[in-house]
Structures are given as C-alpha cells and as structure tokens.
Amino acid sequence: MVTRLYSHPIYLEHLTPPGHPERPDRLRAIERVLMEEPFEALDRVQAPEGDAATLLYAHPESYVERLRALTPQDGIATIDGDTVVSPKSWQAALTAIGAANAAVDDVFSGAASNVFVASRPPGHHAEKSTAMGFCLFNNAAIAARHAQKKHGAERVAIVDWDVHHGNGTQDIFWDDPSVLYCSTHQLPLFPGSGRRNETGAFGNVVNAPLAPDTGSEAFREAFGTRILPRIDDFAPDLIIISAGFDAHHRDPLADINLTEDDFDWATGYLLERAARYCDNRLVSLLEGGYDLHGLAFSVAAHVGRLMKG
C-alpha cells in the first residue's frame, strides 16, 4: 500500500483577511504534523498546476471567466462575506484542481493505493455558478468527472464528512445517477441545506444531518446506517472523500464533538469499501477544519489510517 501526499507552496499564497478562519496557517499545521516520524513513508509529491479546461467539468465557462476577472492584481477582492480572492488565488485554485486530478490518475494507474491532497482553497461549497463558503471551484466534483472522462469510471462515490453540508457538490450532481453524494454534517448550520429529504433526482444524494452538541455516537450511527449501506448498494469504481475536519470538538465554527478517533474509524470503513469495490482506489481532498490543533491531529489520524490500508 502506497499513500501519496500532494501539497504545494502556492496554497499558502491564497490570502484571506486577518482573522479569517480559512488561513494559510491551516496548511502549516498539517505540514508540521505530517513531518513527524510516523509519516516518513509518505510518498510526497509537489502538486501540478491543473488544466483550466477541467474547470468546465463542473462549472460553466461564464462562471470560470467571471472568477478569473475578479482576481485582483494586488490586495484582496471580496466575492461575498466569507469568500475572497487575492493575486495568487487563481493559481492556487488551479493547483488544487491539478492535485485532485493527479490523485485520481495515481489511483487508477496504480502509482498509489490512496492519496491525500493538502490544498486550499477548499471546494465543496462551490456550486455550478456560485463561489461561496471559502470555496472557488469544486475540487471533488471536478476530480469525479475527471475519473469518468479519463479513466472510464462508471460510478463515483463522494463522501463528505465536513461539518458544513457540501451544497456545491449536491448542486452539481443532483440529477446525475453516476455519482453518489453522501454527507454527514451539522444542521442547522451554514449553508442551511442537507436535510434528509434532499435525495437528488435519482436518489443519488444521501444526507445524514447531525444535531448540534452531538458527537461520536450520533456520527458513527449516521455513517454506519445511512452512508455505508448506500456505498455498498452503489459499488463505486472510485471513492472520493471531502475531508473536512471541522466536526472536531475544538473547532470554533460548529458544535459537533468528534475526536481524532472518529476520523480514523470512518477512514477505515471507507478503505474497506475501496478494497471491496474499486481495487483500493480512494482519494481524499482537504476541505474545512479551523482549529489548528484539532485539524492537525485529525489529519494525522486520517492519513495514518490511509497508510495502514
């Protein structure tokens, strides 16, 4: 089993205002913990810049060009109250897409059994034509389409355990039965979507909302009874994780009380499904996680479990 790690210095140059929770220090915290001895065997690769044409897998050209035009020459430009772009944001976002697509190539070619992509900006709130929730382009959606277009994947499962619902991914695949989107998330909470009765046009959307102030028991029950059985029914050719770690009990943006062990547990069950249905092919893409300690140690648990296979 080979676990590959993609990262790139350009991700640190996507700048956000002082006090913004989605900040470069998030990746610095991850980098520090993954330099420790248990992670010496990681296959570390610098992320490639992506092909801008692949953005059209999930977004219309008009949206892509509008976002490119919004990127400033200096300073920070505001898209909405949460979402901003700075001079290097376009390159950082393209390199996040490049890493996600390269990770898909790796697991289909056998260069790696699974891959973790430590990138920013995150992606799962980006709808077809709307940037929001810190997200510009939907990395997971583009990677899923890349798997289908380049590698002939017939069925891709996206599992999103970020504490905020991935409204963007749901929007993009609402009427596409070839992609299964499964999410655990706090509700009520931003962005307000993700109710159980939001099931997609073909029943291909599975939402398992969690009440505020719940923790491991509720998360594991939802994951075990709603998410995993649907993956079993779907039998995917690839599993993509939208790996947000803001359901950790230390996180300031939500009220779910998970620990690092919960992410280890969930990773293990997804690895089992990847082995059973898709020749171990699993790609994990960083989404949220805003307490640096909680984020670092949750990523360590997740990546450590990926390395065990």
Side chains of [X] and [Y]: donor-acceptor distance under 3.5 Å anywhere?
{"X": "Gln170", "Y": "Ser183", "answer": "no"}
{"X": "Thr54", "Y": "Asp51", "answer": "no"}
{"X": "His165", "Y": "Asn207", "answer": "yes"}
{"X": "Asn280", "Y": "Ser113", "answer": "no"}
{"X": "His14", "Y": "Ser89", "answer": "yes"}
{"X": "Tyr277", "Y": "Asp237", "answer": "no"}

Begin from the C-alpha positions of Asp279 and Phe108 and carry the test side chain to side chain contact (heavy atoms under 4.5 Å, CB included) through to its verdict.
-> CA-CA 9 Å; Asp279 196 24; Phe108 274 95; over 6 Å; no

Give every residue pair that meets the salt bridge (Lys or Arg N to Asp or Glu O under 4.0 Å) criterion with at least one member in residues 283-295, sequence neighbours excluded.
-> Arg250-Asp291

Quick one: which residue pairs count as a salt bridge (Lys or Arg N to Asp or Glu O under 4.0 Å) with a foot in residues 54-78, not counting sequence neighbours?
-> Glu65-Arg68

Does Lys128 make a cation-pi contact with Tyr63, if we ask for NZ or CZ under 6.0 Å from the ring centre and within 45° of the axis?
-> no

Side-chain donor/acceptor pairs under 3.5 Å, residues 156-163, sequence neighbours excluded:
| unit_1 | atom_1 | unit_2 | atom_2 | d |
| --- | --- | --- | --- | --- |
| Asp160 | OD1 | Asp162 | N | 3.0 |
| Asp160 | OD2 | His124 | ND1 | 2.7 |
| Asp160 | OD2 | Tyr181 | OH | 2.8 |
| Trp161 | NE1 | Gly244 | O | 3.1 |
| Asp162 | OD1 | His164 | N | 2.8 |
| Asp162 | OD1 | His164 | ND1 | 3.4 |
| Asp162 | OD2 | Gly288 | N | 2.9 |

I'd like to know if the side chain of [X] and the backbone of [Y] have a donor-acceptor N/O pair within less than 3.5 Å.
{"X": "Arg44", "Y": "Ala41", "answer": "no"}
{"X": "Ser298", "Y": "Leu295", "answer": "no"}
{"X": "Thr16", "Y": "Glu22", "answer": "yes"}
{"X": "Asp262", "Y": "Arg220", "answer": "no"}
{"X": "Gln91", "Y": "Lys88", "answer": "no"}
{"X": "Arg155", "Y": "Ala235", "answer": "yes"}
{"X": "Arg145", "Y": "Ala58", "answer": "no"}

Mind checking side-chain contact (heavy atoms from CB on, under 4.5 Å) for Pro72 and listing every partner two or more places apart, or none if nothing turns up?
-> Ala77, Val85, Pro87

For Thr130, which residues count as a side-chain contact (heavy atoms from CB on, under 4.5 Å) partner, sequence neighbours excluded?
-> Glu127, Met132

Do the non-hydrogen side-chain atoms of [X] and [Y] ever get within less than 4.5 Å of each other?
{"X": "Tyr6", "Y": "Asp106", "value": "yes"}
{"X": "Glu154", "Y": "Ser178", "value": "no"}
{"X": "Pro191", "Y": "His125", "value": "yes"}
{"X": "Val299", "Y": "Phe116", "value": "yes"}
{"X": "Leu286", "Y": "Pro122", "value": "no"}
{"X": "Phe137", "Y": "Pro121", "value": "no"}
{"X": "Gln46", "Y": "Ser7", "value": "no"}
{"X": "Thr214", "Y": "Phe219", "value": "no"}

For residues Phe245 and His302, establish whether the separation of their ring centroids is below 6.0 Å.
-> yes

Can you list everything that forms a side-chain hydrogen bond (donor to acceptor under 3.5 Å, both in side chains) with [X]? Sequence neighbours excluded, please.
{"X": "Arg226", "answer": "none"}
{"X": "His248", "answer": "Glu260"}
{"X": "Asp43", "answer": "Arg4"}

Between [X] and [Y], what is the shortest heavy-atom contact and its length?
{"X": "Asn138", "Y": "Ala126", "answer": "ND2-O, 3.1 Å"}
{"X": "Ile239", "Y": "Ala274", "answer": "CD1-N, 3.7 Å"}
{"X": "Phe234", "Y": "Pro177", "answer": "CE1-O, 3.6 Å"}
{"X": "Leu238", "Y": "Arg281", "answer": "CD1-O, 3.7 Å"}
{"X": "Thr71", "Y": "Ser86", "answer": "CG2-O, 3.4 Å"}
{"X": "Val117", "Y": "Ala103", "answer": "CG2-CB, 4.1 Å"}

Please go through Val2's hydrophobic cluster and name the other residues, only I, L, V, M, F, W, Y counting, with side-chain heavy atoms under 4.5 Å joining them.
-> none

Who else is in the cluster with Phe134 when I, L, V, M, F, W and Y are joined by side-chain contacts under 4.5 Å?
-> Leu253, Tyr290

Between Asp25 and Arg32, is there a salt bridge with N-O shorter than 4.0 Å?
-> no

Please determine whether the number of non-hydrogen atoms from other residues, nucleotides or ligands lying under 6.0 Å from atom [atom1] of [X] exceeds 12.
{"X": "Tyr269", "atom1": "OH", "answer": "no"}
{"X": "Glu49", "atom1": "CD", "answer": "yes"}
{"X": "Met35", "atom1": "CE", "answer": "no"}

Verdict with reasoning, Thr267 to Leu270, per side chain to side chain contact (heavy atoms under 4.5 Å, CB included) = CA-CA 5 Å; Thr267 304; Leu270 292 182; 5.9 Å; no

Counterpart residues, salt bridge (Lys or Arg N to Asp or Glu O under 4.0 Å), relative to Lys150 (two or more places apart) | Asp105

Mind checking salt bridge (Lys or Arg N to Asp or Glu O under 4.0 Å) for Asp232 and listing every partner two or more places apart, or none if nothing turns up?
-> Arg273, Arg276

Name the orientation class of the two ring planes belonging to Tyr11 and His8 (parallel below 30°, tilted from 30 to 60°, perpendicular beyond 60°).
-> perpendicular

Pair Asp261-Arg305, salt bridge (charged side-chain N to carboxylate O under 4.0 Å, His left out): steps then yes or no = CA-CA 10 Å; Asp261 288 344; Arg305 190 66 183 82; over 6 Å; no

Tell me, with the steps shown, if Thr199 and Val206 meet side chain to side chain contact (heavy atoms under 4.5 Å, CB included).
-> CA-CA 6 Å; Thr199 58; Val206 182; over 6 Å; no

Please walk me through it: do Leu187 and Leu210 pass side chain to side chain contact (heavy atoms under 4.5 Å, CB included)?
-> CA-CA 6 Å; Leu187 194 69; Leu210 306 174; over 6 Å; no

Out of Leu306, Leu34, Val303, Val115, which one pairs with Leu5 under the side chain to side chain contact (heavy atoms under 4.5 Å, CB included) rule?
-> Leu34

